[in-house]
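To keep things clear, I will list the structure first and then write my remarks on it.
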There are 2 protein chains.
Amino acid sequence: METKESTEIKAPLKEHFGNYMVPVRDALEIFSGKWKIPIITALNFYESCGFKELERIVEGITPKMLSKELKFLEENLLITRKVEDTRPVTITYSITEYGKTCRSVMSELYRWGTEHRKKVFNIEGEAWESC
Amino acid sequence: METKESTEIKAPLKEHFGNYMVPVRDALEIFSGKWKIPIITALNFYESCGFKELERIVEGITPKMLSKELKFLEENLLITRKVEDTRPVTITYSITEYGKTCRSVMSELYRWGTEHRKKVFNIEGEAWESC
DNA sequence: CATAGTGATATACTTTTGTATACTGATATA
DNA sequence: TATATCAGTATACAAAAGTATATCACTATG
């Protein structure tokens, strides 16, 4: 037995994981916040929606946040914005084929989150209604 | 053909998805923010660490944030805090068996995030060094 | 002409998240 | 005695995220 074990210096994360964190952060940026997942889910379900439609489907969102998040999702190639030459002008937001690949991440989050709920709150699916 | 299609009212998300979002939010709460994933990764790698050790391993974190996040992770049963009766008192943070289940979520985030990087920035793994 | 719908933007505000810096009390070392 | 380490807390501040409310230009309906 050596005393070395207790005095050993543990290296910073970077030395072991390099830039492992970078893509994890990238993914997290897409899904975190209050509104991105609801918007993606809505467009996954309805394929295409107008701005006012999304305002009603994604309950509680303000136009400022909706506008901001749509811009973000478009920049990240998950949705498209098409301007239709009608009166008044209508704008159609649609999910892209690439946007649909989010489902695998969301279903893993759902799976783990469901287990977590059971573990921490000891709550099963049926009890969600009361939360 | 009916004009109904354009006037059809799309229902709010809740009607189609119920509380599907709740566990997804729960999972996201564990992984979002700047420090939770680095701390979990550090304790996954080293099994056990002291407070000052974590401060050095998780580069850039302030004691305030470290203290706050450790409390959060302990409340969520992902880590444990053990007080050792030494002089000066040392405190050992360890990952729990349950905490290790985070790896499946993190590896899915890593997988999707890596694809996303390729798609949006057209950057491969090797180029991360410059980010 | 008034009202309502389209897709937003502007301003002001609150809350949450994170940073910066200093400090505590106990112990051990130089 | 001065300095350093341990595990944090206290205080102040800055930045990001989100809310609330009003407004814009345009068109269509009553």
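Labels below follow one simple rule: chain letters A, B, ... track the order of the sequence lines, proteins then strands, and each chain is numbered from 1.
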Query raised in the report: With under 30° as parallel and over 60° as perpendicular, where do the rings of Phe45(B) and Phe17(A) fit, or are they tilted in between?
Result: perpendicular
Query raised in the report: For dG8(D), does either OP1 or OP2 sit under 4.0 Å from a side-chain N or O belonging to Arg81(B)?
Result: yes
Report summary line: In Watson-Crick or G-U wobble terms, with both distances under 3.5 Å, the base opposite dA30(C) is dT1(D)
Query raised in the report: Whole-Å distance between dT19(D) C1' and Glu55(A) CD?
Result: 13 Å
Query raised in the report: How long is the line joining CD1 of Ile91(B) and P of dC6(D), in whole Å?
Result: 12 Å
Query raised in the report: Checking all strands, does Lys52(A) fall into the base, sugar-phosphate, or nothing category for heavy-atom contacts under 4.0 angstrom?
Result: base
Requested in this report: Spell out, as yes or no, whether a donor-acceptor pair under 3.5 Å connects the side chain of Lys71(A) to the backbone of Ser67(A).
Outcome: no
Query raised in the report: What is the distance, rounded to the nearest whole Å, between atom NZ of Lys82(A) and atom C1' of dA8(C)?
Result: 20 Å
Query raised in the report: Between atom CE in Met65(B) and atom P in dA14(D), what is the gap in whole Å?
Result: 18 Å
Query - Out of dA8(C), dG7(C), dA17(D), whichever nucleotide has its closest atom nearest the side chain of Lys68(A) - result: dA17(D)
Report task. Return the 5'-most residue of the pair Lys36(A), Val89(A) with respect to DNA chain D, ranking by each residue's nearest nucleotide. Result -> Lys36(A)
Report task. Find the distance Ile57(B):CD1 to dA7(D):P and express it as a whole number of Å. Result -> 11 Å
Query raised in the report: Which of the following nucleotides, dA7(D), dG18(D), dT27(D), is nearest to the side chain of Arg87(A)?
Result: dT27(D)
Query raised in the report: Closer to the 5' end of DNA chain C via nearest nucleotide, is it Glu69(B) or Pro63(B)?
Result: Glu69(B)
Query raised in the report: Phe51(A) CZ to dA25(D) P: how many Å, rounded?
Result: 18 Å
Query raised in the report: Do Arg25(B) side-chain atoms and Lys34(A) backbone N/O form a donor-acceptor pair below 3.5 Å?
Result: yes
Query - Check: dT9(D) base within 3.5 Å donor-acceptor of Lys64(B) side chain - result: no
**Report entry** OP1 or OP2 of dG5(C) under 4.0 Å from side-chain N/O of Arg56(A)
**Finding:** no
Query - Phosphate OP1/OP2 of dG8(D) contacted by Lys71(B) side-chain N/O (<4.0 Å) - result: no
Report task. Looking only at side-chain atoms of Ser67(A), point me to the closest of dG18(D), dG18(C), dT9(C). Result -> dT9(C)
Report task. Specify the separation, in whole Å, of atom NZ of Lys34(A) and atom C1' of dA16(D). Result -> 15 Å
**Report entry** Minimum-distance nucleotide to Pro88(B) side chain [options: dT19(D), dA28(C), dA7(D)]
**Finding:** dA28(C)
Query raised in the report: Nearest 0.5 Å, what's the CD1-CG distance between Ile61(B) and Leu70(B)?
Result: 7.5 Å
Query raised in the report: Between dG18(C) atom C1' and Trp35(B) atom CH2, what is the distance in whole Å?
Result: 9 Å
Report task. Indicate the ring-plane relationship of Trp112(A) and Tyr98(B), choosing parallel, tilted or perpendicular according to the 30° and 60° boundaries. Result -> parallel
Query raised in the report: Closer to the 5' end of DNA chain D via nearest nucleotide, is it Leu70(B) or Ile61(A)?
Result: Leu70(B)
Query raised in the report: Judged by atom type as modelled, is there a donor-acceptor pair below 3.5 Å linking the side chain of Thr96(A) to the main-chain atoms of Leu78(A)?
Result: yes
